[in-house]
Amino acid sequence: MKKFDKDRLILGLAGPVLALVVAIVLTTVVLLASGTNPWEPYRIMFESASYVDVQVLIVNQAGTYYLAALAVAVGFRMNLFNIGVDGQYRLAAMMAALVGASVNLPGPFQIALIVLTAMLVGAFWSGIAGILKTTRGVSEVVSTIMLNSIATSLVAWLILPKNFGEQPAGSNNLTTGEIPQSGWFPGLSMGAEAGEIYGFTFVAALCGVIYWFVLGRTRFGFDLRATGASESAAQASGVDAKKMILTSMLISGAVAGLVGMPTLLGDSHTYSLDFPTGLGFTGITIALLGRNHPLGIAFSALLIAFLDKSSASLDQYGYEKEIATIMQGLIVISVVVSYELVRRYGLRRQQQKVGEELAAGGAIKTDADAESTSDKGAAL
């Protein structure tokens, strides 16, 4: 049975907790500097989150954020920075919406077709960056950022009425057309006033379980983590590092393709100009804060979703709702600083433990030698 490592657990929690504390303190300082009551916004946000309808919004948003963070975390575990999740999920959502609106299959087949289309498009778009890295050595950071811009332009072109888009009468919005009801993913109703939790939110939770199992309990996951830790060492042990890089980018993109599914299948049932954007970059924050662990990512997704949805009522009380945005930005900065501090402390603590164990081992050996000498003397 594996021995429980208390120090590892404490160090694992210390980084996120320290980052949150620092972010709250800095946000409070900002509020004080602006002449604003530093405690009232927090009270309003927690009070807003006590309503069931807001809680439903938080859970739904957290499910979407969770998928975005998982897509980023897959790359992080391979020491890859997939900055292109935002472009991958928007292009995937649009293509899935186009396919979903153009056919009308029986429910499960319709939903499966839409989801599969989204995953394939996301994987294809991230695979471009993977191929560029494995064949030409192009940094995935640069290529995925550029692919984000290309995806934005491509979506804008595809959604034009002269191409594949539609413009509803009396509206300036452009859409891909509505998905038939057979393609709507059923949710969990929380009452007439509260609305429903997207059914795909539970799929997001299942993706977290799969992520944990594959990376932590399979040979593929071990190879992936080993390649991320040391590409040369992985190659020496027989792992094809380039293949693992490409595979990781494809998986990351496939998960990114799912990011838009909770909204597409559970709410809007179409892709339009007002479809949510920026989720990929929020996923980076959540993955960092959650330390790429499925449970840590889940708590981080709920936290960021709480800040987003509970801050919507701040402007009704004379406070800027951008307070939550400031806090999110400070969390990113605090995560980087706090994790580095915790890492350095962990190294010192590890060195200290090794020194203590060596000292203890030396003392035991000295006692044994002394006892042996005493026994020999008694024999003489």
Side-chain angles (χ1 to χ4, degrees), residues 60-61 63-75 81-102 113-130 140-161 163-167 172-179 183 185 198 200 203-204 207 249-287 301 304-305 308:
N60 285 336
Q61 189 68 70
T64 301
Y65 284 163
Y66 190 67
L67 288 169
L70 285 181
V72 174
V74 170
F81 292 87
N82 183 6
I83 312 297
V85 170
D86 201 68
Q88 291 155 20
Y89 95 80
R90 284 189 290 115
L91 184 60
M94 181 183 182
M95 296 304 297
L98 282 173
V99 171
S102 62
L113 176 63
I114 294 171
V115 172
L116 183 61
T117 300
M119 294 181 69
L120 289 176
V121 172
F124 167 76
W125 206 245
S126 64
I128 296 174
E140 74 280 2
V141 176
V142 176
S143 59
T144 51
I145 289 176
M146 295 298 101
L147 285 167
N148 274 344
S149 300
I150 297 172
T152 300
S153 301
L154 185 58
V155 167
W157 180 79
L158 289 172
I159 205 170
L160 291 175
N163 296 319
F164 299 100
E166 298 179 5
Q167 184 171 2
N172 291 326
N173 200 7
L174 299 176
T175 75
T176 55
E178 189 172 82
I179 296 173
F185 203 104
Y198 299 152
F200 217 85
V203 176
C207 288
M249 289 300 295
L250 290 172
I251 295 174
S252 179
V255 178
L258 297 177
V259 174
M261 294 301 99
T263 302
L264 181 65
L265 300 180
D267 183 25
S268 66
H269 309 300
T270 186
Y271 185 95
S272 61
L273 294 179
D274 54 6
F275 202 81
T277 60
L279 301 179
F281 300 105
T282 305
I284 295 174
T285 301
I286 295 171
I304 300 300
D308 278 349

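In this chain, numbering begins with 1 at the start of the sequence shown.
- Here the side chains of Tyr89 and Leu67 are not in contact, with every heavy-atom distance at 4.5 Å or above.
- Residues forming a side-chain hydrogen bond (donor to acceptor under 3.5 Å, both in side chains) with Thr270 (at least two apart in sequence, or on another chain): Thr176.
- Sorted by first then second residue, the salt bridge (charged side-chain N to carboxylate O under 4.0 Å, His left out) pairs that include residues 86-97, not counting sequence neighbours, are Asp86-Arg90.
- For Ile114 against Ala96, the heavy-atom pair with the smallest separation is O-CB, 3.5 Å.
- Minimum heavy-atom separation, Ala92 to Ala118: CB-O, 3.3 Å.
- Looking at heavy atoms from C-beta onward, Met95 lies in side-chain contact with Leu158 at the 4.5 angstrom threshold.
- Contacts of Tyr271 classified as ring-ring contact (aromatic ring centres under 6.0 Å, His included), with partners at least two apart in sequence or in another chain: Phe275.
- The two residues Ser126 and Gly253 come nearest to each other via the heavy atoms OG-CA, 3.2 Å.
- Take Glu166 and apply the side-chain contact (heavy atoms from CB on, under 4.5 Å) test, not counting sequence neighbours, and it matches Thr175.
- Listed by chain and residue number, nothing satisfies the side-chain hydrogen bond (donor to acceptor under 3.5 Å, both in side chains) test with Asn148 (two or more places apart in sequence, or in another chain).
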Please list, one pair per line, the donor and acceptor atoms closer than 3.5 Å that link side chains of residues 255-267 to other protein atoms, with sequence neighbours excluded.
none

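- Scanning both residues, Met249 and Ala129, for their nearest heavy atoms gives CE-CB, 3.9 Å.
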Please tabulate, for the side chains in residues 140-147, all donor-acceptor contacts under 3.5 angstrom to protein atoms that are two or more places apart in sequence or on a different chain.
from: Glu140; atom 1: OE1; to: Lys133; atom 2: NZ; distance (Å): 3.1
from: Glu140; atom 1: OE2; to: Phe81; atom 2: N; distance (Å): 3.0
from: Ser143; atom 1: OG; to: Ser139; atom 2: O; distance (Å): 3.2
from: Ser143; atom 1: OG; to: Glu140; atom 2: O; distance (Å): 3.3
from: Thr144; atom 1: OG1; to: Ile83; atom 2: N; distance (Å): 3.3
from: Thr144; atom 1: OG1; to: Glu140; atom 2: O; distance (Å): 2.4
from: Thr144; atom 1: OG1; to: Val141; atom 2: O; distance (Å): 3.2

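- Contacts of Val74 classified as side-chain contact (heavy atoms from CB on, under 4.5 Å), with partners at least two apart in sequence or in another chain: Tyr211, Ile251, Ser252.
- Ala254 is linked by a side-chain contact (heavy atoms from CB on, under 4.5 Å) to Met119, Ala123, counting only residues two or more places apart in sequence or in another chain.
- Put simply, the side chain of Phe200 reaches to within 4.5 Å of the side chain of Val115, judged on heavy atoms.
- Sequence neighbours left out, not one pair with a member in residues 270-283 passes salt bridge (charged side-chain N to carboxylate O under 4.0 Å, His left out).
- Legend: residues meeting side-chain hydrogen bond (donor to acceptor under 3.5 Å, both in side chains) with Tyr66, ordered by chain and number and at least two apart, are absent.
- When side chains are defined from C-beta on, Ile128 counts as touching Phe124, because their heavy atoms get closer than 4.5 Å.
- Under the side-chain contact (heavy atoms from CB on, under 4.5 Å) criterion, Leu113 pairs with Val99, Val103, Leu105, Thr117, sequence neighbours left out.
- Heavy-atom contacts from other residues, nucleotides or ligands closer than 6.0 Å to CG of Asn163 number more than 12.
- In terms of heavy atoms, Val72 sits closest to Asn82 at CG2-O, 4.4 Å.
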